[in-house]
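Just so it is clear, the values below take in all heavy atoms, side chains as well, and ignore hydrogens, waters and symmetry mates. Below, read A as the first sequence line, B as the second, and so on, with proteins coming before strands; counting in each chain starts at 1.
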2 protein chains.
Amino acid sequence: MEIRIGDLAKRSGCEVVTIRYYEKEGLLPKPARSGGNFRLYGEAHIERLQFIRHCRSLDMTLSEIRALLGLRDNPMQDCGEVNTLLEAHIQQVEMRVSALLQLKRHLVDLREKCSGSRSVEACGILQGLGNCNCHGESATKSQTSG
Amino acid sequence: MEIRIGDLAKRSGCEVVTIRYYEKEGLLPKPARSGGNFRLYGEAHIERLQFIRHCRSLDMTLSEIRALLGLRDNPMQDCGEVNTLLEAHIQQVEMRVSALLQLKRHLVDLREKCSGSRSVEACGILQGLGNCNCHGESATKSQTSG
DNA sequence: TACAAACCCTATAGTTACTATAGAGTCAAG
DNA sequence: CTTGACTCTATAGTAACTATAGGGTTTGTA
């Protein structure tokens, strides 16, 4: 049972270019090729790609996934590392949530500052954004996926 | 009162390279130069950079900040756009929080699956990551700042 | 005056996880 | 034999920086 990259893409809910990208990054092994140089995938590839996509849906980085795949490929190892990795990931998510909640409080405070003046010059929001004595870093990075 | 880029960096809690980057991106106007070709900044630059950094600390994108700066530079305009932009940003943050909370529930569920087997082969977590019928996209992008 | 440390300059490449584009080859149906 | 859907490689772009290379300037001090 050998399928081409487009079918693999459909089965995994993942774009063709992304599959090629994972191959380049070493997450997916290089598949066999057809006479016309098309990639041919088998069961193992399908399952591995689904594993990767599931991890990605849990917002793991490719480097975390690489680590999990490495553990999976050596099944005799202690599974403590799997737990450790997952635990660290959960903590990251928790930190991100609390940073975002704090951020939201600031934004909502700021929203209250518009006096309804109708002119940019007098808008309390822009003034609120100008006067700041906090020199900290941004709480979080990046935007929600489109 | 003219200060050099290093002093501006200290005052704004922002790295030197980042200031140059903002200049290249058109967020900061090109400053005067000294005889030795060093950038020389005045009050207006300092205030503008602080505005930018405050917006960044609220996780706004450079493009959102560009829009706010544009409004600030034309103070006679209606301030409704400022409110709209802020409102949209708050909604983005809210969406991101709820996506992350859902994500966390999945991760915590997964954590429970390790049976304490001590071998990767039998680890319920890796098995849980392999069997997935959800072909959806990742809920969020990127990691918390380091 | 000589020298070093601290500062500054430009230009380029790397980061993450893809996405988009260009230009070409392969395969099945009509 | 041509059309269309599919595939191939290689390269550049995205966001907001960070890192590096290779040099010039200023300031303090011996």
Can you tell me if [X] touches the phosphate of [N], counting only side-chain N or O atoms and a distance under 4.0 Å to OP1 or OP2?
| X | N | value |
| --- | --- | --- |
| B:R39 | C:dC8 | no |
| B:Y22 | D:dA16 | no |
| A:R33 | D:dT9 | yes |
| B:R20 | C:dC9 | yes |

Let me know the distance between [atom1] of [X] and [atom2] of [N], rounded to the nearest Å.
| X | N | atom1 | atom2 | result |
| --- | --- | --- | --- | --- |
| A:K24 | D:dT11 | NZ | C1' | 9 Å |
| A:I5 | C:dC27 | CD1 | P | 16 Å |
| A:M60 | C:dT16 | CE | C1' | 17 Å |
| A:L8 | D:dC6 | CG | C1' | 15 Å |
| B:D7 | C:dA6 | CG | P | 16 Å |
| B:R56 | D:dA15 | CZ | P | 12 Å |
| A:E25 | C:dT19 | CD | C1' | 14 Å |
| A:E2 | D:dC6 | CD | C1' | 17 Å |

Original post:
Closest nucleotide of DNA chain D for B:G35 versus for B:L62: which of these residues is on the 5' side?
Top reply: B:L62
Original post:
Relative to the 5' end of DNA chain D, which residue comes earlier, B:N37 or A:Y41, by the nucleotide with the nearest heavy atom?
Top reply: A:Y41
Original post:
Does a salt bridge link B:D59 with B:R96, judged by any charged N lying under 4.0 Å from a carboxylate O?
Top reply: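 The answer is yes: the pair qualifies as a salt bridge.
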Original post:
Any idea which of D:dT7, D:dA16, D:dT18 is nearest the B:V17 side chain?
Top reply: D:dT18
Original post:
From C:dC18, C:dC27, D:dC17, pick the nucleotide closest to the side chain of A:F38?
Top reply: C:dC27
**OP:** Please examine the side chains of A:Y41 and A:I19, heavy atoms only from C-beta on, and report whether any two atoms are closer than 4.5 Å.
**Re:** yes
Original post:
Are side-chain heavy atoms of B:R72 and B:F51 found at a separation under 4.5 Å?
Top reply: yes
Original post:
Would B:Y22 and B:R53 count as having a side-chain donor-acceptor pair, cut-off 3.5 Å?
Top reply: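 Their side chains do contain a donor-acceptor pair, which is all the 3.5 Å distance test asks for.
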Subject >> Nearest-nucleotide comparison on DNA chain C, the residue closer to the 5′ end among B:R4 and A:T18 >> reply: B:R4
**OP:** With sequence neighbours excluded, tell me which residues meet side-chain hydrogen bond (donor to acceptor under 3.5 Å, both in side chains) with B:E2.
**Re:** none
**OP:** Give the intermediate values and the outcome of side-chain contact (heavy atoms from CB on, under 4.5 Å) for residues B:I52 and B:L28.
**Re:** CA-CA 9 Å; B:I52 295 171; B:L28 278 178; 4.2 Å; yes
**OP:** Would you sort out whether A:V97 and B:K104 count as a side-chain contact (heavy atoms from CB on, under 4.5 Å), showing the intermediate values?
**Re:** CA-CA 9 Å; A:V97 168; B:K104 192 188 145 185; 5.8 Å; no
Original post:
How bent is the helix from C:dT1-D:dA30 to C:dG30-D:dC1, comparing axes over its five end pairs at each side, to the nearest 10°?
Top reply: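 It comes to 30° between the two terminal axes.
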